[in-house]
Each structure stands twice: as structure tokens, then as C-alpha cells.
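Here is the naming used below: chain letters follow the sequence lines, and residue numbers restart at 1 for every chain.
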Amino acid sequence: MEKTCYKQNRRIYLDYAATTPCDLQVVEAMQPYFSKIFGNPSTLYSFGQEARRAMREARGKIAEFLGASPEEIIFTSGGTESNNTALKGVAYAGRNKGNHIITSSIEHHSVSESCKFLEKEGFKVTYLTVDEYGLVNPQDVKEAITDKTILISIMHANNEIGAIQPIKDIASIAREKEIYFHTDSVQTFAHIPVNVNDLGVDLLSMSAHKLYGPKGIGALYIKKGVKITPFMQGGDQEKRKRASTENIAGIAGFAKAVELAKEKMGNEEKKLTFLRDKLIKGILEKVEHSRLNGHPAQRLPGNVNVSIEYIEGESMVLNLDMKGIACSTGSACTSSSLEPSHVLLAIGLPHELAHSSLRFTIGRFTKEEDIDYVLEVLPEVVKKLRSMSPLYGEKEK
Amino acid sequence: MEGYSTKVMEHFRNPRNVGKIENPDGVGHVGNPVCGDIMELYIKVKDDIITDAKFKTFGCGAAIATSSMVTELVKGKSINEALTISNKAVTEALGGLPSIKMHCSVLAEEALKSAIDDYFKNHRSRE
Ligand code: FES
């Protein structure tokens with residue numbers, strides 16, 4: 001009964017910033033490491049050594065792509081763990097030097113919640129504000145530094161509004177003052193050029209499932225000489241920085257995903273930027289009382305974030321889902337805290353506009369027809385919901 | 001996030017009684033302090049019976065579905081009967097709501113109470 005309500009079978013995935021499908025070549029690359037090459041890489045016999053070799057190769061590929069050396073990469077379970085490790089690891093290890101951390105007000109929860117946790121542990125955290133486009137001002141970073149500052153953590157690009165931060169400038173300020181600098185690169189790594197030397201960072205977080213790799217695997221770049229206190233105790237894996245038997249299949253998949261990204265990145269960036277701008281332009285033209293959130297140009301190639309006045313985000317998401325389109329919103333109604341997105345509030349949007357936000361994130365498998373379809377369907381959905389909205393009625397009066 | 005029941009989605013997909021009533025006998029206008037959503041409920045009353053009800057809602061799937069359901073539930077009821085309709089009754093009629101969405105059904109109950117209040121006010125002043 002329920003099924004028959006869905007007349008069309010067309011499904012369009014536009015939430016690539018949440019997660020991506022595994023590329024089939026990635027799945028293939030992982031295949032041998034479940035049953036064939038299954039040995040524990042910490043063992044000496046051939047079963048273990050084969051697995052170890054695979055891990056070494058994978059680490060080498062990822063390190064090379066980042067401009068790092070293999071010893072500087074540790075594998076983790078994903079972006080969240082990488083961020084937790086970077087923040088808490090550096091904070092605890094540097095406790096005798098100081099207790100101050102600088103971050104921004106638009107970080108991913110795995111950074112901001114780690115900071116809140118550290119505050120309870122006695123650390124002081126400065127949360128920098130951002131401008132209307134979601135950009136951190138390097139000058140603000142400079143001014144926030146005290147002689148107790150031990151770590152600065154600013155994300156490379158924001159997951160909600162796609163704002164790409166001036167990481168190089170911030171990193172050079174940190175370097176001058178000899179303060180460790182961490183960046184959460186989960187949204188940028190293998191999407192836009194990311195090179196640790198170029199950026200000048202000390203720590204950098206990555207995740208495989210945002211780049212057509214598997215879930216449950218990520219990595220943290222830790223520059224040689226940077227001290228961290230591991231937060232998991234156990235075996236000697238990952239240079240004693242991250243205990244637990246390595247997820248070899250995940251690691252092999254991650255490396256394959258990076259290899260593919262290396263091949264495709266330039267062209268993909270162009271294609272996504274084209275589709276992104278087409279979608280933004282189309283929405284602003286076809287839907288009155290809509291606005292773009294974030295910077296028009298200094299944003300991730302696949303990120304579109306708009307507010308559509310007088311209607312609520314969750315009801316838009318559900319209506320679009322009924323038409324086969326998957327996207328997300330920063331509306332209070334979809335968050336468990338019932339607060340609208342902290343990022344949208346940080347760029348100065350009033351509650352109602354944060355409530356009315358929609359995010360489409362475009363990726364490798366998005367076609368131009370998909371964008372056309374969204375532009376055809378969205379205005380109908382908006383019309384339907386506005387006819388129900390008490391706010392829109394008031395507007396007409 | 002926990003998904004919605006079939007019944008909720010059915011009301012969300014085809015909400016009943018959307019719109020305004022011209023010259024209503026009572027209007028309830030309430031905002032949800034929890035997440036900031038808004039609901040307007042209009043009622044028409046004849047001989048103490050609610051003959052018509054319509055709504056306009058700015059809110060999530062649960063808010064729209066409960067708005068739709070509450071208008072269905074009150075139609076044909078006497079004012080006294082309508083006053084006994086609780087958010088629980090609305091939720092049950094919808095086959096339940098995810099726990100985080102319970103506050104949305106409170107919005108529907110409050111809109112109804114406020115529309116009836118408004119009806120009493122108008123009614124009394126006319127007497
Ligand atoms: S109306 Fe906001 S969560 Fe339901």
C-alpha cells in the first residue's frame with residue numbers, strides 16, 4: 001500500500017557531504033582483505049606480512065598524495081576519531097605548556113564537542129566568530145593567541161555552507177608563534193588540492209567515506225615531532241598512537257579511493273562547480289524569497305545551501321524525498337537538540353532563515369539531468385508548503 | 001533520526017483541511033517555544049458544534065500531520081468534547097510519533113484550545 005504511493009522510481013542522491021557511495025573499484029580493491037589476505041599485520045609469518053605490505057602501500061599512497069611521509073599518517077576509524085585524537089591528544093600532551101585552545105564557532109561537532117569536553121577538564125577555549133560568509137578572519141586568530149595557547153584548530157572547509165577557510169594564513173600565524181595547528185580536512189581532502197606543506201599544518205583529519213571510500217576508516221596526519229597523548233591504550237599499532245588491530249580492508253579501500261581521486265580531481269572539481277552554480281542560479285531564479293547561504297565563490301565545488309523563506313526545512317526534505325530527491329537541512333526540527341544549525345546562526349541568519357535552509361551536495365555520480373529535475377520539482381514543493389504556511393499568508397496581506 | 005509512521009506520512013502527504021476560514025468563530029495562533037514553529041487553527045461553530053476546521057502550519061512533518069489530524073478529530077464535535085482532545089489523542093490517532101517529536105503534537109492541542117478560547121471570547125462579547 002505504502003509502496004504504491006511512490007509512482008516514480010527516480011532517486012537522486014544529493015547529500016554527498018553526509019556520505020558518498022563506495023566506488024565499485026574501491027569495493028573491488030577491498031575484496032581480497034576479508035578472507036584471502038586476512039592475517040594480522042602485527043605477526044611475523046607470511047599471512048601477517050602480506051597484510052602488512054598492503055598496509056604499507058596504502059599508507060604510502062595516502063602520504064604521497066598529502067605531501068607527507070608515511071610515518072606521519074595514522075589510520076583511525078574516521079573523521080570523528082581523527083578530530084578527537086588531534087584535539088585531546090595535543091591538549092593532554094601539551095598541558096604543561098599551557099591550557100588554551102583556539103577554534104571557530106562553525107566546526108564539526110567532533111571538534112566542538114571535544115573542545116567542550118576539554119573545557120570541563122580545565123582547558124580554556126576561544127570560539128572565534130565568522131563573517132556573514134562563514135569565513136574566519138586570520139587577524140582574529142592572531143589576537144586570540146595568549147602565552148597559554150597550545151593548539152589552534154580551524155576546519156579547512158565547512159560541511160554545511162562549504163566555506164573554504166584561509167588555512168594557509170592561519171597556519172603561518174600559528175607557526176610564527178610556535179603553536180600547533182590542526183585542520184579538519186574531511187570535506188576537502190581528495191576534493192580540492194590538500195598538501196600539508198603547502199598549507200603548513202601540523203595535524204590534519206581525513207575520512208574515507210566522504211570520498212567514495214568505505215565507512216569506518218579515516219586517517220590523521222601528525223607532523224613529525226608533534227606530541228600527542230593517545231586516548232586508546234592497547235597494542236603497539238600505529239607507532240603506539242592508536243592501538244587496535246588495523247582495518248586492512250578499510251585501509252586498502254581508502255587508498256584506492258585516494259588513487260581514484262588523484263586521477264579525477266581536477267575534472268571533477270570543474271564539473272561539480274558547474275553543476276553547483278547551475279543549481280544555485282536556478283533556485284534563486286525560480287523560487288522567489290530564496291537566498292544563498294555562504295560565499296558565492298569561496299565554497300566547496302559541490303555545496304549548495306539556500307534558505308527558502310516562510311517554509312520549514314524538514315517538511316521540504318520530506319516532500320523532496322517523496323519525489324526521490326535526497327538532501328538535508330539545518331532546521332531546528334531535524335536536530336536532536338531542536339536548535340537550528342550552529343553554523344547558520346554563526347553567519348548571522350535569524351532563526352527563521354536557518355529553519356528554512358536546504359543543503360544539496362553534489363558529487364561524482366550527479367548528472368546534469370539530476371539538477372534539472374531538482375529545479376523542476378523544488379518550485380512545486382515550495383508552492384505547496386507556502387500555501388500551508390501561516391507566515392506566507394501574512395506576507396500577502 | 002527515527003522515521004515517521006505510515007499514518008503520519010499519509011497525513012503529511014495529503015494534509016486535510018489546509019487553509020483559512022473566512023469569518024471564523026474562533027482562531028488559535030500558537031508558536032512552539034521548543035523549536036520555533038507556528039500553527040494557526042480556524043474553527044466554525046454552529047449550535048455549540050464545530051462544523052468546520054482549517055489550519056496553516058509552519059513546521060516539520062509531525063507538526064503538519066498533527067495539525068491535519070486535529071482538524072479531522074474536532075469536526076462534528078461539541079465544544080466540550082473538543083476541549084477534551086489532548087495531544088496524546090492526536091498522537092495515538094496518528095499511530096505514534098518519534099519521541100523527539102512529541103512537542104509538535106502539543107502545538108496542535110494548544111492551537112485547538114486557543115481557537116476555542118477565542119470562540120468563547122467572541123461569543124460572550126456578542127451576547
Ligand atoms: S515543529 Fe519543529 S520539530 Fe516539529
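Using a 4.5 Å cut-off between heavy atoms, B:I64 touches chain A through its side chain atoms alone. Both the backbone and the side chain of B:F12 come within less than 4.5 Å of a heavy atom of chain A. With a threshold of 4.5 angstrom between heavy atoms, B:A63 does not approach chain A through any atom at all. For A:S335, the part sitting under 4.5 Å from any heavy atom of chain B is the backbone (N, CA, C, O) and nothing else.
A cation-pi arrangement is absent between A:R364 and A:Y16 under the rule of less than 6.0 angstrom and at most 45 degrees off the ring axis.
One finds the NE2 atom of A:H295 at 6.0 Å from the CG atom of A:L135 (value rounded to the nearest 0.5 Å).
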Would B:K46 and B:D25 count as a salt bridge (charged side-chain N to carboxylate O under 4.0 Å, His left out) here? Give the steps.
CA-CA 9 Å; B:K46 193 159 186 254; B:D25 294 308; over 6 Å; no
Derivation of the salt bridge (charged side-chain N to carboxylate O under 4.0 Å, His left out) call for A:E380 and A:K384:
CA-CA 6 Å; A:E380 292 165 23; A:K384 175 179 170 194; over 6 Å; no
